[in-house]
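Data block below; observations after.
Along the sequence shown, residues are numbered consecutively beginning with 1.
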Amino acid sequence: MQMTTTYRVVAIVPFYPPAFNGGGPIRSIHAMAQLAPKDMTVSVLTGDRDLGAEERLPVVANAWVKKDGVDVYYATIGSWLGYMHAMREVRRKRPNLIHLNSFMNPLFSIIPLMLWRLGFFRGAKVLLAPRGEFGEGALSRRAQKKRAYMRAFCLLGLPKRVIWHSTAPRETAEIIQQWGDGVHIVERGNDTLLPRHAREITDAPSNAFRAVFLGRIVEHKGLHIVLEALKSVTVPLEFHVYGSREQEAYFAECQSRAAEIPRHIQLAFHGPVAPGDVVTVLSGYDVMLMPTAGENFGHVIAEALCASCAVATTPHTPWTPILEGGGGLVIARSAGAWAEELQRLATEPAAERRLRRAAAGTAYENWAKRTPDAHVWMLARAALADSRTA
């Protein structure tokens, strides 16, 4: 009888559950691991601390442990010796495919790529997911350092040696713009572990228009734009902010803007929300506000629609057709445009707000019942097989 060969995948990622401050990428890679094909063995190398945290996660560190059926190594990256021990643990897994969930992360992408280029991982192939890092807004931050690394990446011949993972046509275009037409790209949207049906609409605790921001409090996500817009809104509304204070200077800027908001707007800041509670929290609001500079996927958008919470965001996400088809609103990334829309939304009758929430839930269910492509690791394996026979 012919033996079935198991395909071995190791994901090297900065954060993995129970970490959650890093937002959607953590939930995406977790879903990817949980939904892996049966003929693949999956291992994950990650850090033993959450984003911005000094204390270790409640996990066994520096050893392989089972997490939801997946081998996970929570590494303490405090020294070069400890780091190389973790890399050797990856090599011991004899991976066929190494999945890197970032392009710019020094410890969990750049150094592993350099080691791979030197043959450290003994014939493994690399699937590289830039996670929106080639967008115009992302490249403009710390541009000089990023350009220097990108030149080195190119000089080492890496653009055509890796398989790129794009999550949307826009990201595919960004990858081609940076590295040319000859690169190998697998385009596949992110996975989620969300249910197929949206939450039933629950009555809000008050009759006021209730809006929410839920995400990392960083400039890229655009909280400052909402706060600036709210200064011009002349009718009462509630606005709650949930998220980790990743950039203290930026959070201070947001606090300064918040202090100038008129008193008829009820504003409250909360901490981050655990992944299992996101849909529940969002289900208590009329609309989620997300003036992002760009998303390669936008996991929290799926979660909001699943919560029957309408979404207002910019044109810089792959969700524009779904939102314009009834799931929410697409607004230019300027305080003036957001002020105008918030003024209009806050003056709508409660019945209209409820209809919009119902439309968001319907949009989610239509999205959730689509036939997904094959798992991204299967697509990468097929692309590698095609490149060998070409």
Side-chain angles (χ1 to χ4, degrees), residues 13-35 46 50-53 57-58 67-68 101 131-132 167 189-205 210-218 220-223 226 238-246 251 268-292 295-313 317-319 322-323 327-328 356-365 367-368:
V13 296
F15 309 105
Y16 192 78
F20 62 89
N21 286 340
I26 301 175
R27 300 197 285 284
S28 294
I29 198 69
H30 182 226
M32 202 177 295
Q34 293 299 294
L35 299 173
T46 189
D50 205 346
L51 178 66
L57 292 164
K67 171 69 176 174
D68 301 326
N101 207 37
R131 297 296 178 194
T167 57
N190 285 340
D191 289 303
T192 79
L193 297 177
L194 294 170
R196 293 182 65 86
H197 297 287
R199 285 274 186 108
E200 291 187 7
I201 299 173
T202 55
D203 291 330
R210 305 187 83 229
V212 62
F213 173 96
L214 193 153
R216 295 159 54 215
I217 301 179
V218 294
H220 185 83
K221 300 296 183 180
L223 175 59
V226 177
E238 296 179 24
F239 179 52
H240 292 186
V241 177
Y242 296 86
S244 55
R245 304 175 185 182
E246 187 175 329
F251 182 74
F269 282 83
H270 307 274
V273 179
D277 298 330
V278 169
V279 173
T280 299
V281 169
L282 291 173
S283 68
Y285 295 90
D286 296 302
V287 64
M288 183 186 75
L289 310 179
M290 189 182 183
T292 177
E295 302 293 322
N296 73 305
F297 179 61
H299 201 100
V300 73
I301 296 176
E303 291 169 317
L305 296 176
C306 181
S308 293
C309 174
V311 175
T313 189
T317 82
W319 293 88
I322 293 171
L323 299 182
R356 181 176 284 106
R357 294 185 64 189
T362 299
Y364 170 77
E365 292 186 351
W367 173 79

Looking only at non-hydrogen atoms, find the nearest pair between [X] and [Y] and report the distance.
| X | Y | result |
| --- | --- | --- |
| Ala312 | Val287 | N-CG2, 3.8 Å |
| Ile201 | Ala358 | CD1-N, 3.5 Å |
| Ser308 | Gly361 | OG-CA, 3.7 Å |
| Ser244 | Pro272 | N-CB, 4.0 Å |
| Leu214 | Val281 | CD1-CG1, 4.2 Å |
| Arg210 | Glu238 | NE-OE1, 2.9 Å |

- Mind checking what makes ring-ring contact (aromatic ring centres under 6.0 Å, His included) contact with Phe20, not counting sequence neighbours? none
- Go through the structure and list residues passing ring-ring contact (aromatic ring centres under 6.0 Å, His included) with Tyr364, not counting sequence neighbours. Trp367
- Message: Once salt bridge (charged side-chain N to carboxylate O under 4.0 Å, His left out) is applied, what residue pairs with a partner in residues 269-284 remain, sequence neighbours excluded?
- Response: none
Quick one: side chain to side chain contact (heavy atoms under 4.5 Å, CB included) partners of [X], sequence neighbours excluded?
| X | answer |
| --- | --- |
| Pro14 | Asn105, Phe108 |
| Ala19 | Phe15, Ile26, Asp50, Leu57 |
| Ala363 | Ile322 |
| His270 | His240, Tyr242, Ala268 |

- Message: Do Leu282 and Val273 make a side-chain contact, defined as non-hydrogen atoms from C-beta onward lying under 4.5 Å apart?
- Response: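 With C-beta onward as the side chain, the pair stays apart.
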Contacts under 3.5 angstrom, residues 191-198 side chains, donor-acceptor by atom type, not counting sequence neighbours:
| residue | atom | partner | partner atom | Å |
| --- | --- | --- | --- | --- |
| Asp191 | OD1 | Arg188 | NH1 | 3.2 |
| Asp191 | OD1 | Arg188 | NH2 | 3.2 |
| Thr192 | OG1 | Leu194 | N | 3.3 |

For [X], all residues meeting salt bridge (Lys or Arg N to Asp or Glu O under 4.0 Å), sequence neighbours excluded:
| X | result |
| --- | --- |
| Arg216 | Glu246 |
| Arg199 | none |
| Arg27 | Glu303 |

- Only counting residues at least two apart or in another chain, list the ones meeting side-chain hydrogen bond (donor to acceptor under 3.5 Å, both in side chains) with Thr167.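 Result, side-chain hydrogen bond (donor to acceptor under 3.5 Å, both in side chains) vs Thr167: Glu171, Asn296.
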- Item | Distance in Å, Met290 CE paired with Thr317 OG1, rounded so as to fall on 0.5 Å steps |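 So the CE of Met290 and the OG1 of Thr317 are separated by 7.5 Å.
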- Task: Calculate, to the nearest 0.5 Å, the distance between atoms OH and CZ belonging to Tyr285 and Phe213 respectively.
- Result: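 The CZ atom of Phe213 is 13.0 Å from OH of Tyr285, to the nearest 0.5 Å.
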- Starting from the C-alpha separation in whole Å, work towards a yes-or-no answer on side-chain contact (heavy atoms from CB on, under 4.5 Å) for Leu305 and Trp319. CA-CA 11 Å; Leu305 296 176; Trp319 293 88; 3.9 Å; yes
- Show your reasoning for whether side-chain contact (heavy atoms from CB on, under 4.5 Å) applies to His30 and Asp68. CA-CA 9 Å; His30 182 226; Asp68 301 326; 3.0 Å; yes
- Message: With a 4.0 Å cut-off on N to O distance, would you call Glu295 and Lys221 a salt bridge?
- Response: yes
- Item | Test log, rule side-chain contact (heavy atoms from CB on, under 4.5 Å), inputs Thr313 and Met288 | CA-CA 8 Å; Thr313 189; Met288 183 186 75; over 6 Å; no
- Item | Polar side-chain atom of Asp286 near backbone of Ala211 as donor-acceptor pair, under 3.5 Å |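 No, the answer is negative, given that no donor and acceptor are paired below the 3.5 Å cut-off.
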